[in-house]
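The residues of the chain are indexed from 1 along the displayed sequence. Start at 1 and go down the list; that is how both ligands and their atoms are numbered.
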Amino acid sequence: MRVIKTVSDMSAEAERLRREGKRISFVPTMGNLHEGHLSLMRTAKPLADVLVISIFVNPLQFEPGSDFDAYPRTFQEDLEKCEPVGVDIVFAPVESDLYPEGFQTTVEVKEVSKGLCGDFRPGHFKGVATVVLKLFNIVKPHVAVFGEKDYQQLCVIRRMVKDLNLDIEIVGHPTVREPDGLAMSSRNQYLSPDERKRAALLYKFLQEAKALFDKGERRAQRLTAMVQNGLARDPRISVEYVSIRDRDTLKPLDTLDRPAVMALAVHIGKTRLIDNIFLG
Ligand code: PAF
């Protein structure tokens with residue numbers, strides 16, 4: 001496993017691999033790796049000849065006053081986790097190399113970035129789209145794998161790839177969960193033991209909504225109200241949104257007459273958690 005730290009070295013290596021006819025798969029991350037990331041890497045590994053992952057805490061996607069400085073940087077531990085899953089190259093650029101002085105171009109995926117987390121994290125998806133496009137241009141992957149836990153992010157990336165004619169296959173990976181159903185996330189480590197127990201309610205209510213849907217309920221309002229009210233009964237959980245959207249466009253749905261996703265965001269204490277479930 002090689003660690004490449006500069007944009008020029010990574011770009012030259014990707015160029016060389018492509019000239020040799022090698023396929024490149026790619027998993028972008030912000031580090032602080034957990035089992036969810038590792039399973040994206042295991043999925044990406046057999047899709048190509050060379051697996052590249054990136055570790056970069058992207059300042060552009062943290063809205064002002066959010067947890068950019070507090071985001072855990074665990075580079076050495078991350079490297080130890082990458083090797084056994086077969087990562088070939090870890091690309092870990094520094095901020096001044098990725099965003100040199102004078103940098104001023106951003107990518108905005110307009111409609112898909114609106115609503116859901118987009119309403120509560122202004123500028124977040126612009127930051128994500130911009131860094132992912134830059135990483136794609138440097139790593140030059142044939143295929144890239146993203147988790148479905150960040151479902152809006154996955155839709156933003158898919159839309160960007162389509163709109164900008166990027167020749168990259170985007171693979172969505174099902175959310176990896178703890179035994180009690182909590183979606184794996186770097187943020188889970190911020191939960192106190194009491195909060196951690198309550199966090200299992202998110203998936204419990206999403207599953208209840210799915211059970212109601214499977215029994216025939218098609219009114220979005222009924223399903224979201226059931227989840228919203230259920231979560232609101234816990235005084236430590238503050239619901240940011242519960243919403244049912246078209247699974248491709250993320251447009252709000254009143255009636256579930258096509259493949260849909262129910263997505264939610266809550267705060268438990270100081271920690272913001274998101275999750276979702278497919279309906280239909
Ligand atoms: O999902 C993440 O970890 C980040 O948003 C990503 C895709 C690595 C971009 O910084």
- Pair N32-Q189, side-chain donor/acceptor within less than 3.5 Å: yes
- Please confirm whether T29 comes within less than 3.5 Å of ligand 1 when only nitrogen or oxygen atoms on both sides are compared. no
- Task: Look up atom CZ in R177 and atom CG in L202, then write down how far apart they are to the nearest 0.5 Å.
- Result: 9.0 Å
- Would you call the rings of F136 and F146 parallel, tilted or perpendicular if under 30° counts as parallel and over 60° as perpendicular? perpendicular
- Can you tell me the protein heavy atom closest to atom 1 (O) of ligand 1 and the distance? Q153 NE2, 2.9 Å
- Task: Using a strict cut-off of 4.0 Å, indicate which atoms of ligand 1 neighbour a heavy atom of P28.
- Result: 8 (C)
- Task: From the options K134, H124, Q61, M30, select the one whose nearest heavy atom is closest to atom 9 (C) of ligand 1.
- Result: Q61
- Query: Do H173 and T43 have side-chain N/O donor and acceptor atoms under 3.5 Å apart?
  - Reply: yes
- Note on the structure: For V131, the ligand 1 atoms with a heavy-atom partner under 4.0 Å come out as 9 (C), 10 (O)
- Task: Check M226, R222, R219 against L212 for a side chain to side chain contact (heavy atoms under 4.5 Å, CB included) and give me the one that passes.
- Result: M226
